Amino acid sequence: MALLWTRPGKQCLSVIAHNQLPAVANFRSFRMTARQRSEKVLEHMKESNPYFEKYSRKIAAVQQSSPEEFLAKLEKVEKESSKPKFGPSEPARDYSGLLKPKAPLAKKPQDDTAQKKLGDLMKLDLIEQRSPEEIQQIWLQYHQGKEVICATVPLEKYDLMMERAKKYPMFILPIPRSQGYEFIMLQFFANTIHFTPLINYQVHKENAPECLNITLYTELREKGLVLMRGEYDTKVINGQEAQCLANQLQMYYSQQSESKLGLLETFTNKPEHFKHMDVIEELNNLKIGG
């Protein structure tokens, strides 16, 4: 999207004849003001910058020959130093979604009408006779080039996930940002898992608009696998961040880890003892181990 930038309050310059002396006087007064400002900045640098003495001659030469250039370079350095040191800079987040809750979830989570069907995506009779390996390949190829994440989950991992989901239906996960971490709330509902930024959840609770929605399709359960598909809002997270959330979901709900199980238990049953930094530490340990 192209943006048109304007500079309000900027007036057009009038043309001044060569014989109008005030124009020369104004220019000279501007030069003096710039020089005075540059000298003031120079004094401040002497006091605050430990490397000033090493480069004092070069700095002074620029300041004396062209105060305007000297000030312009300082301004450029200040702008560069104000940028984030790690990770790409991010566009400003649009929080208007806070004012738009989604439609309330159904009151009966186990109602079959709330279940998303695999048949809505593809013809089941084309894959029912295939082997698990072939189905996995077809599933991955089907989503190639789409803005979604997908995976196949072994049946035993899925059963463990659902068992823990009954005990711990809600949790929070961090995703890295250029200036720290953002917490995402997850909530199990029927055969879907809804993810929403914590700030949205604090406003709208279970009706908060989600940034990621993962569906688990169990129609091929007898073949020993469950198909997973995640759709995400590109205005809030990207594909890599969606994958990060899905990986953490499986680590907490489908793997044997005493530390992660302890965090699920504390968050659900002892929230007053839960520490947000603990889930960040688990994520950092994953990065180091990976």
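No experiment lies behind these values; they were computed from the predicted model shown. Along the sequence shown, residues carry numbers from 1.
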Nearest heavy-atom contact between Cys244 and Pro174 is SG-O, 4.5 Å

Next item on the list: Identify whether the distance between the nearest side-chain nitrogen and carboxylate oxygen of Arg221 and Asp159 falls below 4.0 Å.
Entry: yes

Subject >> Phe171 ring center near Tyr252 ring center (under 6.0 Å) >> reply: yes

The reported gap from NE2 in His143 to CE in Met228 (rounded to nearest 0.5 angstrom) is 12.0 Å

Under 4.5 Å between side-chain heavy atoms, counting indirect links through other Ile/Leu/Val/Met/Phe/Trp/Tyr residues: same cluster for Leu249 and Phe267 or not?
yes

Any side-chain donor-acceptor pair under 3.5 Å between Thr192 and His194? yes

Heavy atoms of Arg164 and Ser254 approach each other most closely as NH1-N, 4.2 Å

Closest non-hydrogen atoms of Ile237 and Arg177, given as atom of the first, atom of the second and distance, are CG2-NH2, 4.1 Å

Audit row: Gln250, Lys157, side-chain contact (heavy atoms from CB on, under 4.5 Å) steps and yes/no:
CA-CA 8 Å; Gln250 293 184 63; Lys157 297 289 186 182; over 6 Å; no

For residues Phe195 and Leu283: do they belong to one hydrophobic cluster (side chain heavy atoms under 4.5 Å, members Ile, Leu, Val, Met, Phe, Trp, Tyr)? yes

In this structure, CD1 of Ile135 is separated from CG of Leu140 (nearest 0.5 Å) by 12.0 Å

To the nearest 0.5 Å, atom CG of Leu227 lies from atom CG of Leu216 at 9.5 Å

Heavy-atom nearest pair, Asn200 first then Pro209, reads ND2-CG, 3.6 Å

Taking atom types as modelled and ignoring hydrogens, do the side chains of Thr234 and Glu147 form a donor-acceptor contact shorter than 3.5 angstrom?
no

Requested in this report: Walk me through it: do Tyr181 and Asn284 pass the test side chain to side chain donor-acceptor pair (under 3.5 Å)?
Outcome: CA-CA 11 Å; Tyr181 293 85; Asn284 288 334; 2.8 Å; yes

Practice item. Report the C-alpha separation of Leu186 and Leu245 in whole Å, then their side-chain angles, then the decisive distance to 0.1 Å, and conclude whether the side-chain contact (heavy atoms from CB on, under 4.5 Å) test is met. Key: CA-CA 9 Å; Leu186 70 84; Leu245 290 171; over 6 Å; no

Open item on the list: In the structure I gave you, are the side-chain heavy atoms of Phe274 and Thr268 within less than 4.5 Å of one another anywhere?
Closed with: no

Can you tell me if Lys146 has over 12 outside heavy atoms packed within less than 6.0 Å of its NZ? yes

ring-ring contact (aromatic ring centres under 6.0 Å, His included) test vs Tyr253 passes for just one of Phe188, Tyr168, Tyr158, namely Phe188

dist Glu265:CD -> Lys167:NZ (nearest 0.5 Å) comes out at 8.0 Å

How about Glu222: does its CD atom have over 12 heavy atoms from other parts shown lying under 6.0 Å from it?
yes

Heavy atoms of Phe183 and Ile280 approach each other most closely as CZ-CD1, 3.8 Å

Atom CD of residue position Glu156 - does it have more than 12 heavy atoms of other residues, nucleotides or ligands inside 6.0 Å? yes

Q: Could you go through the side-chain contact (heavy atoms from CB on, under 4.5 Å) check for Leu225 and Val153 one step at a time?
A: CA-CA 6 Å; Leu225 55 80; Val153 183; over 6 Å; no

Check your understanding: Do Met122 and Leu126 come within less than 4.5 Å of each other through their side chains, counting heavy atoms only?
Key -> no

Parallel, tilted or perpendicular: ring planes of Trp139 versus Tyr142, cut at 30 and 60 degrees | parallel

To the nearest 0.5 Å, atom CD of Glu182 lies from atom CD1 of Ile184 at 4.5 Å

Give a yes or no on whether the backbone of Glu133 and the side-chain of Gln136 come within a donor-acceptor separation of less than 3.5 Å. no

message: Please tell me whether Met161 and Leu263 are part of a single hydrophobic cluster in this structure, the criterion being side-chain heavy atoms less than 4.5 Å apart.
response: yes

Ala246 and Ile214 have their tightest heavy-atom pair at CB-CD1, 4.1 Å

Side chains of Asn213 and Glu210 only: does a donor on one sit below 3.5 Å from an acceptor on the other? yes

Under-4.0 Å salt bridge between Lys123 and Glu128: no

Can you hop from Leu160 to Leu173 via hydrophobic side chains spaced under 4.5 Å? no

dist Thr215:OG1 -> Lys116:NZ (nearest 0.5 Å) comes out at 4.0 Å

Open item on the list: Between Arg229 and Glu231 (salt bridge meaning N to carboxylate O under 4.0 Å), is one present in this structure?
Closed with: yes

Report task. Evaluate salt bridge (charged side-chain N to carboxylate O under 4.0 Å, His left out) for Glu282 paired with Lys260, printing each intermediate quantity in order. Result -> CA-CA 8 Å; Glu282 289 287 343; Lys260 293 178 178 62; 2.9 Å; yes

query: Okay, side chain of Glu134, backbone of Ser131: is any donor-acceptor separation there less than 3.5 Å?
result: yes

*asked:* Tell me whether Met251 shares a hydrophobic cluster with Leu212, the cluster being built from Ile, Leu, Val, Met, Phe, Trp, Tyr side chains joined at under 4.5 Å.
replied: yes

